[in-house]
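Heavy-atom basis, side chains included; hydrogens, waters and symmetry copies ignored.
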Amino acid sequence: MAEGTVEDAVHETLDQQGWDELRAAATEVMQRAYAPYSHYKVGAAARADDGRVVIGCNVENAAYGVVLCAECGVVSQLHATGGGRLTHFVCVNGEGEIIMPCGRCRQLLFEHGGRDLLVWTVSGVKPMSEVLPDAFGPDDLAHVAGAAVEGTE
């Protein structure tokens, strides 16, 4: 990515070819998902603010509650490969069809991409502010932490 701010990267328009490349990456990684219980494979891919593409697939566990969603893999790879912010995201099922992240994963994506993260949803590309309106995030914690610090003085 050329020199610029995170906001520049988020607002940069990804053309259809760019979205199709993200979808292809998600579809490819979906094929490596570990889903022996549900048989519902999921792949996800995202673009980071420095232009990297990060991917993830779901990894199930016999203790169903500890399943790792594909979005978890994306965020893990984001941080394992240098950090930054997510700017564009797509998630697919075992047929390569666009699917929506679950509520838990929407929160995870919000944390690592913010309100301006662009998500290819089942009804088109939307900013995270529409996918997860009125989200609770780090700013909310900082506000409360700031009030608690002020109250102790």
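Between Val92 and Glu97, the closest side-chain pair of non-hydrogen atoms is not below 4.5 Å.
Under the 4.5 Å side-chain heavy-atom criterion for ILVMFWY residues, a single connected hydrophobic cluster contains both Leu108 and Val119. Tracing side-chain contacts under 4.5 Å through hydrophobic residues (I, L, V, M, F, W, Y), one reaches Phe89 starting from Val131; they form part of the same cluster. Tracing side-chain contacts under 4.5 Å through hydrophobic residues (I, L, V, M, F, W, Y), one reaches Leu109 starting from Leu132; they form part of the same cluster.
To the nearest 0.5 angstrom, Trp19 atom CH2 is 5.5 Å from His88 atom NE2. Taking CD of Glu95 as the reference point, atom NZ of Lys41 lies at 11.0 Å (rounded to 0.5 Å). Once rounded to the nearest 0.5 Å, the distance linking CD of Glu130 with CZ of Arg115 reads 13.0 Å. In this structure, CH2 in Trp120 is found 9.5 Å from CG in Leu14, a value given to the nearest 0.5 Å. How far CE of Met100 is from SG of Cys91: 9.5 Å, rounded to the nearest 0.5 Å. With values rounded to the nearest 0.5 angstrom, Tyr40 atom OH is found 10.5 Å from Met30 atom CE.
Put simply, the side chain of Thr87 never gets that close to the backbone of Leu117: no donor and acceptor are under 3.5 Å apart. Side-chain N or O atoms of Arg85 include none that pairs as donor or acceptor with a backbone N or O of Asp49 at under 3.5 Å. The backbone N or O of Gly83 sits less than 3.5 Å from a side-chain atom of Arg52, completing a donor-acceptor pair. Although no hydrogens or angles enter the test, the distance criterion places no donor-acceptor pair under 3.5 Å between the side chain of Arg106 and the main chain of Ala135. Between the side chain of Asn58 and the backbone N or O of Val42, at least one donor-acceptor pair lies under 3.5 Å.
For the residue pair Gln107/Glu111, the side-chain donor-acceptor check at 3.5 Å is not satisfied.
Scanning for salt bridge (Lys or Arg N to Asp or Glu O under 4.0 Å) contacts around Arg104 gives an empty result, with sequence neighbours left out.
The hydrophobic cluster containing Leu68 also includes Tyr34, Tyr37, Val59, Tyr64, under a criterion of side-chain heavy atoms closer than 4.5 Å among ILVMFWY residues, counted directly or through chains of members.
Counting all heavy atoms, side chain and backbone alike, Ile98 lies closest to Val122 at O-CG1, 3.5 Å.
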Please tabulate, for the side chains in residues 69-79, all donor-acceptor contacts under 3.5 angstrom to protein atoms that are two or more places apart in sequence or on a different chain.
| from | atom 1 | to | atom 2 | distance (Å) |
| --- | --- | --- | --- | --- |
| Gln77 | OE1 | Ile55 | N | 2.6 |
| His79 | NE2 | His112 | ND1 | 3.1 |

For a side-chain contact (heavy atoms from CB on, under 4.5 Å) check, start with the C-alpha distance between Asp20 and Asp15, then their side-chain angles and the critical distance, and finish with the verdict.
CA-CA 9 Å; Asp20 290 343; Asp15 63 13; over 6 Å; no
